[in-house]
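What follows is a set of notes on a single structure, which appears directly below.
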There are 2 protein chains.
Amino acid sequence: MAEAPRLTESAGAVFAVLAQAGSATRPQLASLAGLSKPTVSAAVAELEGARLATHSGTASSGTGRSAAVYGLGPAAGSVLAVDLGPARTRVRCCALDGTLLAEASTPRARAADAVREALDALPADAPLRAIVVAVGDVTEPDRTSGGMRPATAKAGPVFDAVSVALPPGVPVHLENNVNCAALAELHEGAARGRRTFGYLRIGVGIGLGIVIGGQVLRGANGAAGELARLPYPWDDDREPRQEALEAYVGSQALLRRAAQAWRPADGPRPRTVDRLFALAAQGREPARSLVARHAADVGRLAAAVTAVLDPGLLVLGGSTGADPQLLPGVRAELGRLSWPTEVVSSQIGDLGTVVGAARLAVAKGVQNVTEGAQVKD
Amino acid sequence: MAEAPRLTESAGAVFAVLAQAGSATRPQLASLAGLSKPTVSAAVAELEGARLATHSGTASSGTGRSAAVYGLGPAAGSVLAVDLGPARTRVRCCALDGTLLAEASTPRARAADAVREALDALPADAPLRAIVVAVGDVTEPDRTSGGMRPATAKAGPVFDAVSVALPPGVPVHLENNVNCAALAELHEGAARGRRTFGYLRIGVGIGLGIVIGGQVLRGANGAAGELARLPYPWDDDREPRQEALEAYVGSQALLRRAAQAWRPADGPRPRTVDRLFALAAQGREPARSLVARHAADVGRLAAAVTAVLDPGLLVLGGSTGADPQLLPGVRAELGRLSWPTEVVSSQIGDLGTVVGAARLAVAKGVQNVTEGAQVKD
DNA sequence: TGTACTTCGTTAGGAAGTTAACTAACGAAG
DNA sequence: CTTCGTTAGTTAACTTCCTAACGAAGTACA
């Protein structure tokens, strides 16, 4: 590579809004970046010179002179997002304006193949600006203190699996998968236009992604939103057990309860939560009551979150949380225990984690360009 | 008043750091504000002209030329903080550098007298820049939606009591008293130097003040940290009741439990939690076991907060929370249920709410000066 | 008591961005 | 086909702040 042609501050600002908008005219850039027309002209010229932006057409606003439209140039580069899910590994490559360049998905064991496949599909001249890897837990036990510590990118055990396929010298960022999914809802899902909300994921495990002012809240140990540690059961005469809540409100518990409640006359017993929800949607018992009870449980979980954070909006996701038929029950229980908070279902589903990781990677990549040097986590 | 002599941006920045530091030399201001020496010289001259800053002496750094020291000028003005506590009303008047100018305290019913008393003690020429009133609840029921809405400064019922004594035309800000106490711990208490922590207050009621990145988290309805709404009791076969947690872990519950457990042979039964804690500190039963059990309860509450926020530090306050003999028990239960989080006792006590309200008022007042116009909440 | 050294504060020149005014390009209406 | 209104882009003067260099005002030491 030739050199690092450090951008002026205004050129960096213009690049950032251009990446956000995808494509824009100079007047639009001026208004979005809060800069004056002459400054934007100078900045665009600088970006064009660095091949970070290119003239991509003209736009007429009906009346008056038509404006030149600019988009990202070849030197802007791309970013990589990896979702190391429990079953499958998903990989996405995006340009800095968020457009999808390449995609791959493999069973978890062949994670490195997916990364290689996506990277091979990239144009050779576009520099890779950032990598975000979504994992289940960004902390790891710390033997020396008996506590937790943030996992380093190099040391994370899950990370070793794909690190062989990752190109060297590119900043890598580990992020919690629930936080990633929350970002996906923020940018292209149910929380669009919000600045603060919570994303409550209920599947085999439970987790919460917290977005405050557009930023993910990570917490001192990267463990904010680890709802599995909520004290449960909790009463005058009962001691909370560690991690008991997950075993009670997770999808396993729902299926276990179904197995107990099912009678021969009720027909074939559902083996998956999807099937159970389908039966409940038809009003069949005991599926309907089981789901209603689950909704109340989710409502209690939501009340715990609301009592601490008051987020204004909760988005429900995960295999056992995203179904819209839960909403009335959740809202009712939440309203009974706490103040009313908007509750909606996830709009993105399983792809949320990669999509959100890609959004995060794009943000890191843009930072990488505008701040000249590689940004350390 | 003559006019609003709008400050240049650099003069505003210099004023802000001068207020924070109390007094400083020009080189110190330059380094604190991130400005160059010539710019600071110009800004100081501007501030002196507006009587917002005055030359207050010289400081020698051992070797080299001695520097001129500047402090706030008479036109900087002052702010007012009011704590409408359950029993007493406390009022503090501060200069914009945080120094105390006047103080008053009355029984709650005569709140307006305290405000008048403090205002009378002020120099007549110093403009009042901001007022912060700490109250127990900044929300009020909204009949139209059935939910909650933020109380307006004019409409809050508690506020009416003192509004007659408040000078008109000054921006008034209502704030939760727990949030205020948290700010006091942040600036001059157990959380000094932190950017993120939680302040858990346990007294008659329970509440949490959340500070993230030096900012109080208020939540969508101003209800973040209203732990009374945590679902409790919570178990497979028990339905949570509204507000049950407060009745279980608050000071009333502690005294009620003491009344149940006390035998004639145990000596005179304590009538206040202070007395109970004193007996426990001497190792006397059953006070010791009651306090140990209370510590475990507080630890569970702390675990609920930690599971959602992972704040890294929890400061315990309130009549039933601040006693250091709780710490071992709280830490043990928190460590058992969640990851270890630093737990310390409040260093400020009852005055925390006014002190924090004053810190907040100072911040608003400085904003008022630097941004020229009155800042709307 | 000078001389050296260090730190404070100001002066001079330059970089970056803003406002205001002007020129350029386009559509629509006579 | 000209003219007018509107919007895009450029040029010029001014503002603000920075860096670099210099003069001013102290302390330390022979």
[X] vs [N]: side-chain N/O to OP1/OP2 distance below 4.0 Å:
{"X": "Arg26(A)", "N": "dT10(D)", "result": "yes"}
{"X": "Arg65(B)", "N": "dA24(D)", "result": "no"}
{"X": "Thr39(B)", "N": "dC17(D)", "result": "no"}
{"X": "Ser36(A)", "N": "dT19(C)", "result": "no"}

Looking at CG of Leu186(A) and CD of Glu188(A), how far apart are the two atoms once the value is rounded to the nearest 0.5 Å?
10.0 Å
Reported CZ-to-CG distance for the pair Arg129(A) and Asn368(A), which is rounded to 0.5 angstrom:
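Interatomic distance, Arg129(A) CZ to Asn368(A) CG, rounded to 0.5 Å: 5.5 Å.
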Please determine, for the side chain of [X], which listed nucleotide ([options]) has the closest atom?
{"X": "Thr63(A)", "options": "dT27(D), dC17(D), dG5(D)", "result": "dG5(D)"}
{"X": "Ser10(B)", "options": "dA20(D), dC26(C), dC17(D)", "result": "dC17(D)"}
{"X": "Pro38(A)", "options": "dG9(D), dG9(C), dA20(C)", "result": "dA20(C)"}

Opposite nucleotide pairing with [N], Watson-Crick or G-U, both atom distances under 3.5 Å:
{"N": "dC29(D)", "value": "dG2(C)"}
{"N": "dG9(D)", "value": "dC22(C)"}
{"N": "dA29(C)", "value": "dT2(D)"}

[X] [atom1] - [N] [atom2] separation (whole Å):
{"X": "Glu46(B)", "N": "dT15(D)", "atom1": "CD", "atom2": "P", "value": "14 Å"}
{"X": "Leu35(B)", "N": "dG9(C)", "atom1": "CG", "atom2": "C1'", "value": "16 Å"}
{"X": "Glu48(A)", "N": "dG9(D)", "atom1": "CD", "atom2": "P", "value": "11 Å"}
{"X": "Leu7(A)", "N": "dG17(C)", "atom1": "CG", "atom2": "P", "value": "12 Å"}

If you assign each of Ser60(A) and Glu9(A) to its closest nucleotide in DNA chain C, which residue comes earlier from the 5' end?
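This one resolves to Glu9(A).
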Any side-chain heavy atom of Thr99(A) sitting closer than 4.5 Å to one from Cys94(A)?
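No, every pair of side-chain atoms sits at 4.5 Å or beyond.
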Locate the shortest heavy-atom distance separating Val355(B) from Ala184(B); write the atom from each residue and the value.
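So the minimum-distance heavy-atom pair works out to CG1-CB, 3.9 Å.
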